[in-house]
Amino acid sequence: MTGVATARIAVDASRRLGMVDRNLYGHFIEHLGRCINDGIWGEMLKSRKFVGADSNCDGLPDPWTLPVARDPQLVVSVDETQAGSGVPCLRMRVLRDDDRMHGVAQPGLALRAGATYSLQVWVRSEGALREVEVSLGGERVRRPAPGEQWEHWDLELTARWDAADARLLTGGRGEGELWVHAPSLMPKVTRQGGGFRPEVVELTRAIEAPIVRWPGGCFADAYQWRDGIGERDSRPVVFDAAWQQYEPNDFGTDEFMEWCGVVGAEPYICVNTGSASAEDAAAWVQYCNGSPGTQWGDRRAEGGHPQPYGVRYWGIGNETYGGWEIGNVPADEYGRLFLEFAEKMREQDPSIKLIAVGADPVQLPEWNRTVLEIVGDKMDYLSVHRYVPHTRDDEQREKQYAAIVAAPVDIESRLRMVRETIDEALGPDNQVKIAFDEWNVWLQAGASEGIAERYELRDAVFAAGVFNALHRLADSVTMANLAQLVNVLPAIATSSTGVWGTPLYHAFKLYAGRCLPVVVGCECEAPTFDAAEFGNIPALSEVPYLDASATMNEEGDRLALAVVNRHRTDDLRAEISLAGIGPVQSAEVALLCGESERAAGSEHLPEAVSISAAEIEVAGDSFEYTFPAHSATVISLRTN
Ligand code: AHR
């Protein structure tokens with residue numbers, strides 16, 4: 001790649017501007033769509049606790065069904081009480097012993113030939129039922145009927161063939177009743193790994209997610225945390241008012257803590273101010289951080305976790321300013337609510353860090369000031385969320401592209417506005433930081449499709465621009481969480497058979513894996529473009545095509561120069577000067593790119609957007625480099 005340099009990047013490593021908090025590469029998971037259930041959590045059965053809509057009116061919650069349209073020897077019903085926990089169970093009454101199996105099925109299961117599946121289920125029987133039968137993927141297990149006491153069965157079935165739409169069949173033979181409670185089906189390896197999808201764990205580990213926010217989002221303001229603790233099969237299924245879906249509560253506090261441990265992330269919990277009290281939040285802090293001997297510390301220990309989890313980061317409510325949010329209140333009311341929650345939560349653990357709900361400074365200019373004036377330095381962080389562009393127009397792709405890749409410029413200026421408000425309200429010596437704890441490109445993916453946005457390389461260019469902005473704001477913004485990690489506005493996408501990284505994922509991999517802790521001086525001059533207003537992104541003029549940030553290690557012998565080229569079609573050549581570091585001994589370029597800005601990657605083509613690495617020669621204190629169109633690059637330099 002040759003050409004005349006049209007841009008200049010001047011790195012001055014002697015100017016140390018701030019420290020990058022690793023939490024800038026943080027994530028967020030929510031009980032919404034397929035993020036947790038069917039994304040992170042490996043349960044394969046839907047409605048395993050027999051709660052849900054019955055769209056075909058067969059007496060069974062979807063997708064349970066009768067294997068034959070009409071079975072005159074079988075009566076099925078969902079019984080509310082018999083399992084002893086209040087969780088519904090399924091009752092199958094076989095009317096006549098015709099030596100055939102009568103039962104129910106769940107279709108839509110993806111199986112891999114040779115893989116072993118673990119089915120765990122509670123069963124009991126009455127009358128002269130002789131045998132229980134379960135079959136899946138060509139393998140059948142038969143067992144003598146259990147009798148009147150509940151038994152917990154742990155069965156293994158090995159699929160004989162690959163299938164995209166296999167059925168689990170279960171039922172009884174003889175004359176009598178079979179009761180089934182809380183069946184759970186997972187690949188055996190997933191069960192052995194604690195119930196977490198191993199490929200999601202692996203991809204999450206690979207981007208070194210430092211911190212993960214949970215359980216929402218909007219979900220947080222409807223979530224009763226006590227529903228998600230205790231014996232998993234006995235936890236209630238709750239209709240979630242925020243996202244209008246059934247929540248089985250299989251993934252609760254203990255599962256979140258365990259998963260964070262497995263992926264190596266720090267937990268960040270957002271408590272419910274919408275439909276729960278300060279006492280509820282304080283009890284949750286005690287459940288997580290209290291020692292055995294406290295009421296909730298004991299409950300945690302009873303569940304097998306005697307050591308306190310020591311959760312440090314706690315958000316108090318989510319987007320409380322929004323008309324869509326459960327428990328939405330005005331800013332002054334929220335400020336008072338925050339103080340009440342903070343006091344009770346800190347009584348349980350004074351060391352916790354508290355995040356207050358902040359608002360977008362352009363849309364709601366007064367919210368932050370009011371909350372800051374009431375709460376003062378009782379908050380550790382003020383949170384800000386930003387999704388762009390909240391619209392989609394594929395007819396105007398170039399305009400859409402320009403606005404999205406330019407949006408980090410606007411995001412940076414909004415975050416600076418929030419900083420100014422904090423400093424004005426609390427004085428220049430305040431210690432309050434910004435948690436940019438939900439951000440992403442969100443075009444028009446709707447809640448009914450689980451907000452499963454499909455990302456393109458364009459969105460990785462956007463994310464890289466956000467990271468550069470966050471580096472520049474490192475002293476002020478010390479936490480940021482992409483919304484969300486899996487399947488919803490996703491960094492990681494899953495299907496029933498596979499898991500792959502979206503373009504956003506690669507942006508994380510590029511930056512989190514290579515950028516260093518000290519932000520140093522980096523000036524970039526480049527040709528500019530104007531981006532027209534698009535959705536909630538305002539018109540932006542003179543946006544530089546190239547945007548750069550530079551970070552260094554503490555010792556000063558490694559430097560990472562991160563450069564985004566926002567140009568849709570053109571490569572751009574830059575002259576790069578280096579000051580404040582010794583002679584470069586080795587240089588490696590990592591390039592995140594794809595064939596076009598529309599390259600997306602998918603289960604079957606995961607490398608359509610990818611990172612490639614190469615060594616380059618850097619002699620002296622300046623060199624030229626060509627940055628490909630619609631790309632992000634990190635040049636890693638070593639001086640020893
Ligand atoms: O990330 C999806 C949703 O967007 C979150 O639940 C909410 O906080 C935001 O409005």
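Treat the numbers as computed from the prediction; the structure is a model and nothing was measured. Every heavy atom of this structure was used, including side-chain atoms; hydrogens, water molecules and symmetry mates were not. Just follow the structure's listing: the first ligand is 1, and inside any ligand the first atom is 1.
- The distance criterion of under 3.5 Å between nitrogen or oxygen atoms is not met by Phe28 with respect to ligand 1.
- In this structure, a donor-acceptor pair under 3.5 Å is absent between the side chains of Asn536 and Tyr387.
- With a 4.0 Å cut-off on non-hydrogen atoms, Asn318 touches ligand 1 through its side chain and not its backbone.
- Among all non-hydrogen protein atoms, the one lying nearest atom 6 (O) of ligand 1 is Glu30 OE1, 2.7 Å.
- Counting only heavy atoms from C-beta outward, the side chains of Glu340 and Arg336 never approach each other to under 4.5 Å.
- Each of the atoms 1 (O), 2 (C), 3 (C), 4 (O), 9 (C) of ligand 1 lies under 4.0 Å from some heavy atom of Tyr387.
- What you find for Asp250 and Arg235 is that their closest heavy atoms are O-NH1, 3.2 Å.
- Remark: ligand 1 atoms within the under-4.0 Å shell around heavy atoms of Trp243 are 3 (C), 6 (O).
- With sequence neighbours excluded, the residues satisfying side chain to side chain donor-acceptor pair (under 3.5 Å) with Asp380 are Arg346.
- The proximity of Trp442 to ligand 1, defined as any non-hydrogen pair under 4.0 Å, is limited to the side chain.
- Scanning all protein heavy atoms for the shortest distance to atom 7 (C) of ligand 1 gives Glu438 OE1, 3.3 Å.
- Ligand 1 lies nowhere less than 4.0 angstrom from a heavy atom belonging to Phe219.
- Atoms of ligand 1 found under 4.0 Å from any heavy atom of Cys218, numbered from 1 in the order shown, are 5 (C), 6 (O), 7 (C), 8 (O).
- Of the N and O atoms on the side chains of Asn440 and Tyr455, at least one donor lies less than 3.5 Å from an acceptor on the other residue.
- Pairs engaging residues 599-608 under the side-chain hydrogen bond (donor to acceptor under 3.5 Å, both in side chains) rule: Ser495-Glu603, Thr497-Glu603 [sequence neighbours left out].
- Ranking the protein heavy atoms by distance from atom 10 (O) of ligand 1 puts Glu319 OE1, 2.7 Å first.
- Asp349 and Asn289 share a donor-acceptor pair across their side chains, judged by distance under 3.5 Å alone.
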